[in-house]
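Just so it is clear: chains get the letters A, B, ... in the order the sequence lines come, proteins before strands, and each one is counted from 1.
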Protein chains: 2
Amino acid sequence: MANRTVQDWEDAALASIAEHGLASLSIPRLARTLGVTKGSFYWHFTSLQELIEKSLRRWDERDRTALEEVRQIEDPRKRLAALFEQAMERTEAHGLYVALSASTIPYAAPVIRRISNRRLKFLIESYVEAGLNAPEARAQALLAYTAYVGALYLRLSRKQDLSDYVAHAMKTLIPPRPRAR
Amino acid sequence: MANRTVQDWEDAALASIAEHGLASLSIPRLARTLGVTKGSFYWHFTSLQELIEKSLRRWDERDRTALEEVRQIEDPRKRLAALFEQAMERTEAHGLYVALSASTIPYAAPVIRRISNRRLKFLIESYVEAGLNAPEARAQALLAYTAYVGALYLRLSRKQDLSDYVAHAMKTLIPPRPRAR
DNA sequence: ACCTGAACACCGTTCAAGT
DNA sequence: ACCTGAACACCGTTCAAGT
């Protein structure tokens, strides 16, 4: 078989973290998945830490492009709605967010911060475009974002359908359509 | 020195998890903290898993009594406000919630579910008392709870003061005082 | 009744040796 | 250039032996 690339290892790591959690990430496991020996890992990476760091950078990049797509939607209210609905898909990304935002590995915090900053900024801008003034938009964006993150975690311990929740959250958190003038 | 008790080990475990995360929990570490050898651990517990299970049960119990205290407040709006403010204190409990709700250990999920069910039920009852009808109260409680959990996680990656956030959340999520009749 | 200390399996890491 | 396989330290677990 062809040799493994750095990207192969990174993708396998992200998938494993998203599904089994960070604690279950192990070099022998990944090696078995990829069909090689654990020793070969150290030709591509200097340590498990480096693998995680590089994988996180990859995830960060993916999140950035995912946001860019939603940004194409012109109507700010529809854009917000799309963001809320996206919040219930993209399960690997959510698995990663959930698995890592509580982790105590030192380089996880900056990545989480960068991702949440980017999404908060996006929310604030959309709220401003939807007619809120700056402090209102900021406060509302923060509330919406925390509700989003909280919902990710809630979904973890209960299988219940959250579509009613999303509907209510959108009603509460998306500003009314401005009146025509 | 006197011998260690089961409770000593449980308390040490909860404190360690809350502060350093679940991944850093290690029997040699705890043993060193308690001034004994790791071998002695296995006189009190059959496995690390059992220690975690029993510790989680202990935490569950603590959360229950913490809720009971807030329940004493008669005015439902003030009770909700107290709950929101408590949400920014009790740091060990929050550290535990954060460290465990994403964990893949099998007995963590039921405990998290029990705790969140209890707090959701409490919120729903308070919202009903504050004048909302049943479905409104349920939806609003769910939104409030997810915002609360999300705020715990957001606080992790940014040191920023969240008191403005709490003020806005309370304004948005606590129903208006009913008019006197 | 509670603890020590040695033993073993598993994972992270290193590295000489293979192709 | 990429991988194997043996080696070593660390942690979870067991257990005979100490007090």
Side-chain angles (χ1 to χ4, degrees), chain A residues 1-58 96 99-100 102-108 111, chain B residues 1-59 96 99-100 102-109 111:
Chain A
M1 214 200 289
N3 287 329
R4 307 302 167 282
T5 70
V6 166
Q7 288 207 356
D8 289 336
W9 285 96
E10 288 172 0
D11 288 340
L14 288 176
S16 172
I17 295 172
E19 190 170 0
H20 306 291
L22 190 63
S24 304
L25 183 68
S26 107
I27 296 170
R29 272 172 73 115
L30 288 183
R32 233 171 293 137
T33 306
L34 294 172
V36 289
T37 307
K38 65 174 178 169
S40 89
F41 170 85
Y42 289 90
W43 192 87
H44 299 283
F45 301 91
T46 174
S47 66
L48 178 62
Q49 167 165 335
E50 193 197 298
L51 170 65
I52 301 179
E53 266 178 89
K54 289 195 172 167
S55 303
L56 293 194
R57 222 170 291 154
R58 211 171 150 69
L96 285 167
L100 289 166
S103 95
T104 50
I105 55 177
Y107 31 91
V111 177
Chain B
M1 217 201 287
N3 287 328
R4 307 302 169 280
T5 71
V6 166
Q7 290 208 355
D8 289 337
W9 285 96
E10 288 172 1
D11 288 340
L14 288 176
S16 172
I17 295 171
E19 191 170 1
H20 305 292
L22 189 64
S24 304
L25 184 68
S26 110
I27 297 171
R29 268 172 76 116
L30 287 183
R32 234 171 292 136
T33 306
L34 294 171
V36 288
T37 307
K38 66 172 176 169
S40 89
F41 170 85
Y42 289 88
W43 192 87
H44 299 282
F45 301 92
T46 174
S47 65
L48 178 61
Q49 167 166 334
E50 194 196 299
L51 169 66
I52 300 178
E53 267 178 88
K54 289 195 172 168
S55 302
L56 293 194
R57 223 170 291 156
R58 210 171 150 68
W59 170 42
L96 285 167
L100 290 166
S103 94
T104 50
I105 55 177
Y107 31 91
V111 177

Sorted by position of nearest nucleotide on DNA chain D, 5' first, the leading residue of K38(A) and W43(A) is W43(A)

Whole-Å gap separating P (dA6(D)) and CZ (F41(A)): 21 Å

Calculate the interatomic distance between I27(B) atom CD1 and dC8(C) atom P; express it in whole Å. 19 Å

F41(B), Y42(B), W43(B) screened by ring-ring contact (aromatic ring centres under 6.0 Å, His included) with F45(B), the one that passes: F41(B)

Could you tell me how far apart L34(B) (CG) and dT4(C) (P) are, to the nearest whole angstrom? 11 Å

Return the nucleotide paired to dC10(D): Watson-Crick means purine N1 to pyrimidine N3 with N6-O4 or O6-N4, wobble means G-U with N1-O2 and O6-N3, both under 3.5 Å. none

Counting only side-chain N and O atoms of H44(A), is one of them less than 4.0 Å from OP1 or OP2 of dA1(D)? no

Assert: residue with more 5' nearest nucleotide on DNA chain C, out of R32(A) and G39(A), is R32(A)

Plane angle bin for H44(B) and W9(B) - parallel if under 30°, tilted between 30 and 60°, otherwise perpendicular: tilted

Is any side-chain N or O of Y42(B) closer than 4.0 Å to OP1 or OP2 of dT13(D)? yes

Separation of dT14(C) P from Q49(A) CD (nearest whole Å): 12 Å

Both distances below 3.5 Å, Watson-Crick or wobble geometry, any strand: find the nucleotide opposite dC15(C). dG5(D)

Nearest-angstrom distance from the residue atom CZ of R4(A) to C1' of dA1(D): 14 Å

Among dT4(C), dC3(D), dC11(C), which nucleotide sits nearest the side chain of T37(B)? dT4(C)

Counting only side-chain nitrogens and oxygens, does N3(B) get under 4.0 Å of the OP1 or OP2 atom of dA1(C)? no

Separation of dG12(D) atom C1' from L51(B) atom CG, nearest Å, is 12 Å

Quick one, L56(B) with L100(B), criterion side chain to side chain contact (heavy atoms under 4.5 Å, CB included). Give me CA distance, side-chain angles, the key distance, then yes/no. CA-CA 9 Å; L56(B) 293 194; L100(B) 290 166; 3.2 Å; yes

When we call it a touch if two heavy atoms are under 4.0 Å apart, what does L25(B) touch: a base, just sugar-phosphate, or nothing? sugar-phosphate

In this structure, are over 12 heavy atoms from other groups packed under 6.0 Å from E50(A) atom CD? yes

Take atom CG of L48(A) and atom P of dT14(C), then tell me their distance rounded to the nearest Å. 12 Å

Nearest-Å distance, CD (E50(A)) to C1' (dT14(C))? 15 Å

Specify the closest pair of heavy atoms between D11(B) and R58(B), including all atoms of both residues, with the distance to one decimal. OD1-NE, 2.8 Å

